[in-house]
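The block underneath contains the structure these notes are about, expressed in C-alpha cells.
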Amino acid sequence: MKFTAADHEFMARALQLAARGLFTTTPNPRVGCVLVRDGAIVGEGWHEKAGGPHAEIHALQAAGALARGATAYVSLEPCNHHGRTPPCTEALIAAGVVRVVAAMQDPNPRVAGQGMARLAAAGIATDCGLMAAAATDLNVGFVSRMTRGRPWVMLKAAMSLDGRTALANGTSQWITGPDARRDAHAFRARSCALLTGIGTVRDDDPSLTVRDVDTPRQPMRVVLDGWLELRLDARVLAGGNTLVFCSTDDEIRATALRDKGAEVICLPDGTGRVDLAGMLLELGRRGVNEVMVEAGAVLNGALIRAGRVDELLLYQAPILLGDKALSMAVLPELKVLSERRELEIFDSRRVGRDQRLRARFKNP
C-alpha cells in the first residue's frame, strides 16, 4: 500500500493526540485517533487513562453521524477483545467507518492482528504500517512488556564533559543546571517506575518524585536493597507507593518496612544479590512499561553488565571534574577495543546550558 501525503498528515495528527496521554495511560498504550471524511477531520480523540474510553471511542463520539463513511487513522491497531472497555472494532463497524489505517499492529497477544482482521471481515478497508517507527517509539515500554515480558529500561545520569557524575566524596548536587533537571522530571513523569539502589538512598536521601512537571500521578518507587538497610525515615518511603527488592529473608526488617507502607519482595539470585532479571519480570507482571534508573555507579554497572539497560539518557554539563571523581557505572576493564559496547545516539539537543543525549545499545 502506498500511503498518500494526506494519510501521513492525518496519522501525524493521531500521533500528536496519542502523546497527550504520555503521563497518564499506564499500563495501557498511548493511542490517538483521527476520523476524516471528505478530506476534513470530523472527530478526534486520545486514550486519556486506563479504564477510560479508548481513543477511537472519543473520536467517534466527537464525530457523531459524520463518522459514517469516514476513514479512521489510529496510532495503534484497534482492540478486538473485552477488557475494561468493549472492543473498539465493534464500535468502528457500528459507526459505519469505511477505512481504518493503523500505524502499527498491537503487540498484545490478545490483539496482534485480530483487530484489523475483524474490521476486514466486516468489509472495512484496512492498512497498517504508516509511521510505524514513530508509533513504536511512543509506546516503546508497552511494546517491550508485551514482547519481552519486561519494561523498557532507561538509565539517566547527569555528568561532566569528562564523564563524571559526582565528586570523590559523593557530592553531586548540582552538576547540571535547572533546565536539565526540569527536563529530567518530564522523563520521570512518563515512567511507570523509578529505580534506585540503597547506596543512592543512603547518600542522597532522594524522594524520587516528579516535581516541576504537571502530572496527575507519581511513578512507583523501586529500591534495590539486598540486606534491607533502608532507614525507616528515608524520604523514598514517604507516602507509600514504594517497592523494595531484597535478597535476605530478614522478616523483622521487612515487617518494619511494610509497616511504613512499602512492599517488600525477596528475590535472591543465588550469589547474595537481587536477581535483576527476575526483578524486571516482576515489574512487567505488574504492568510497568517504562523504568527510569536513577542510581549510582554500582547498580548502573550491574544493570549494564547484565544487558538490562535499553537506553541511556545523559545530561552533560560544560564542566570538568577530574579523574578522581566518580564515574557513571562500574564496568570491567577492557583488554581489546573489540569488547566495547556500542550505542547509537538518536537524539542530541541543548537543554539550557547543558547537552542532552539519548542513546540505545546497538546489540542489546
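All values reported here derive from a predicted model rather than from experimental measurement.
Two residues are said to be in side-chain contact when any heavy atoms from C-beta on lie closer than 4.5 Å; C246 and V264 meet this criterion. The closest side-chain heavy-atom distance from V274 to D269 is not below 4.5 Å. Looking at T126 and V101, their side chains never come closer than 4.5 Å, going by heavy atoms from C-beta outward. Contact of the Q355 side chain with the V351 side chain is not registered, since no non-hydrogen atoms from C-beta on lie closer than 4.5 Å. Side-chain contact check for F23 versus K49: every heavy-atom pair is 4.5 Å or farther apart. Between V291 and L283, the closest side-chain pair of non-hydrogen atoms falls below 4.5 Å. Residues L243 and M220 form a side-chain contact, since some pair of their non-hydrogen atoms from C-beta on lies under 4.5 Å apart. Residues D127 and R99 have side chains in contact (heavy-atom distance under 4.5 Å, counting atoms from C-beta outward).
Side-chain atoms of T200 never come within 3.5 Å of backbone atoms of T196 as a donor-acceptor pair (strictly under, hydrogens ignored). Between the side chain of R356 and the main chain of Y315, no donor-acceptor pair closer than 3.5 Å is present. Looking at E311, its side chain never comes within 3.5 Å of a backbone N or O of R358 through a donor-acceptor pair. Judged purely by atom type and a 3.5 angstrom limit, H47 uses its side chain to pair as donor or acceptor with the backbone of P53. Not one N or O on the side chain of S144 forms a donor-acceptor pair closer than 3.5 Å with the backbone of V140. Judged by distance alone, with hydrogens and angles left aside, the side-chain atoms of R350 form a donor-acceptor pair with the main-chain N or O of G352 at under 3.5 Å. Between the side chain of R258 and the backbone N or O of R253 there is no donor-acceptor pair closer than 3.5 Å. Side-chain atoms of E77 come within 3.5 Å of backbone atoms of G115 as a donor-acceptor pair (strictly under, hydrogens ignored). The backbone N or O of L280 lies less than 3.5 Å from no partner atom in the side chain of R308, so there is not a single donor-acceptor pair. For the pair S75 (side chain) and G32 (backbone), a donor-acceptor distance under 3.5 Å is present.
In the hydrophobic cluster analysis, where Ile, Leu, Val, Met, Phe, Trp and Tyr join through side-chain heavy atoms closer than 4.5 angstrom, L224 is grouped together with V288. The hydrophobic cluster containing V97 also contains M116, counting ILVMFWY residues as joined when their side-chain heavy atoms lie under 4.5 angstrom apart, directly or transitively. Hydrophobic clustering (side-chain heavy atoms under 4.5 Å, transitive across Ile, Leu, Val, Met, Phe, Trp, Tyr) groups L299 together with I265. Note: the hydrophobic cluster containing L130 also contains W46 (ILVMFWY, side chain heavy atoms under 4.5 Å, direct or indirect links). V201 and L326 are assigned to two separate hydrophobic clusters, defined by single-linkage of ILVMFWY side chains at heavy-atom distances under 4.5 Å.
To the nearest 0.5 Å, the span separating CZ on R164 from CG on L320 amounts to 11.0 Å. Here the CG-NZ distance, from L230 to K260, works out to 10.0 Å after rounding to the nearest 0.5 Å. Considering CD of Q114 and CD of Q105, their distance stands at 9.5 Å, rounded to 0.5 Å. To the nearest 0.5 Å, atom CG of residue D106 and atom CE of residue M104 are 7.0 Å apart. Of the inter-residue distances, the one linking R188 atom CZ with D183 atom CG reads 12.5 Å to the nearest 0.5 angstrom. In this structure, CD on E290 lies 8.0 Å from CG on N139, to the nearest 0.5 angstrom.
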| task | Starting from the C-alpha separation in whole Å, work towards a yes-or-no answer on side-chain hydrogen bond (donor to acceptor under 3.5 Å, both in side chains) for R145 and N289. | result | CA-CA 6 Å; R145 182 166 65 87; N289 292 331; 2.6 Å; yes

| task | Dump the intermediate steps for side-chain hydrogen bond (donor to acceptor under 3.5 Å, both in side chains) on D7 and T4, then the final yes or no. | result | CA-CA 5 Å; D7 287 335; T4 66; 3.3 Å; yes

| task | Please step through side-chain contact (heavy atoms from CB on, under 4.5 Å) for the pair I319 and L161, ending with a clear verdict. | result | CA-CA 6 Å; I319 58 174; L161 284 181; over 6 Å; no

| said: The test is side-chain contact (heavy atoms from CB on, under 4.5 Å); show your working for V330 and N300 and say whether it passes. | reply: CA-CA 7 Å; V330 175; N300 287 347; over 6 Å; no

| request: Go through the steps for D225 and L228 under the test side-chain contact (heavy atoms from CB on, under 4.5 Å), then give the verdict. | output: CA-CA 5 Å; D225 181 12; L228 292 179; 4.3 Å; yes

| said: What verdict does the side-chain contact (heavy atoms from CB on, under 4.5 Å) test give for M292 and V222, after you've listed the backbone C-alpha separation in whole Å, the side-chain angles of each residue and the deciding distance to 0.1 Å? | reply: CA-CA 10 Å; M292 184 168 169; V222 182; over 6 Å; no

| query | Can you check side-chain hydrogen bond (donor to acceptor under 3.5 Å, both in side chains) on D250 and T248, steps first, answer last? | reply | CA-CA 6 Å; D250 188 334; T248 178; 5.4 Å; no

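Contact record, R221 with R235: NH1-O, 3.5 Å, taken as the closest heavy-atom pair. Here the closest non-hydrogen pair linking L15 and M131 is CD1-CE, 3.9 Å. Closest approach of A91 and I57 over heavy atoms only: CB-CD1, 3.5 Å. In terms of heavy-atom proximity, M146 sits nearest to P109 at SD-CD, 4.0 Å. Across L138 and R190, no two heavy atoms sit closer than the pair O-NH2, 3.9 Å. For the residue pair S247 and G272, the shortest heavy atom distance occurs at OG-O, 2.9 Å.
Atom CG of L22 has more than 12 neighbouring heavy atoms from other residues, nucleotides or ligands inside a 6.0 Å radius.
Taking 4.0 Å as the cut-off between side-chain N and carboxylate O, E282 and R286 count as a salt-bridged pair. Taking 4.0 Å as the cut-off between side-chain N and carboxylate O, K362 and E342 count as a salt-bridged pair.
Cation-pi geometry between R341 and F361 is met: under 6.0 angstrom from the ring centre, within 45 degrees of the axis. R181 forms a cation-pi arrangement with W174, by the criterion of a distance under 6.0 Å to the ring centre and an angle within 45° of the ring axis.
For the residue pair S160 / D162, a side-chain donor-acceptor distance below 3.5 Å is found, with atom types taken as modelled. A donor and an acceptor atom, one from each side chain of E263 and T242, are nowhere located under 3.5 Å apart. Using a 3.5 Å distance cut-off with no hydrogens or angles, the side chains of S207 and R211 do pair a donor with an acceptor. No hydrogens or angles considered: nothing links the side chains of T176 and D354 as a donor-acceptor pair under 3.5 Å.
Classification of the F10-Y73 ring pair by plane angle, with boundaries at 30° and 60°, yields tilted.
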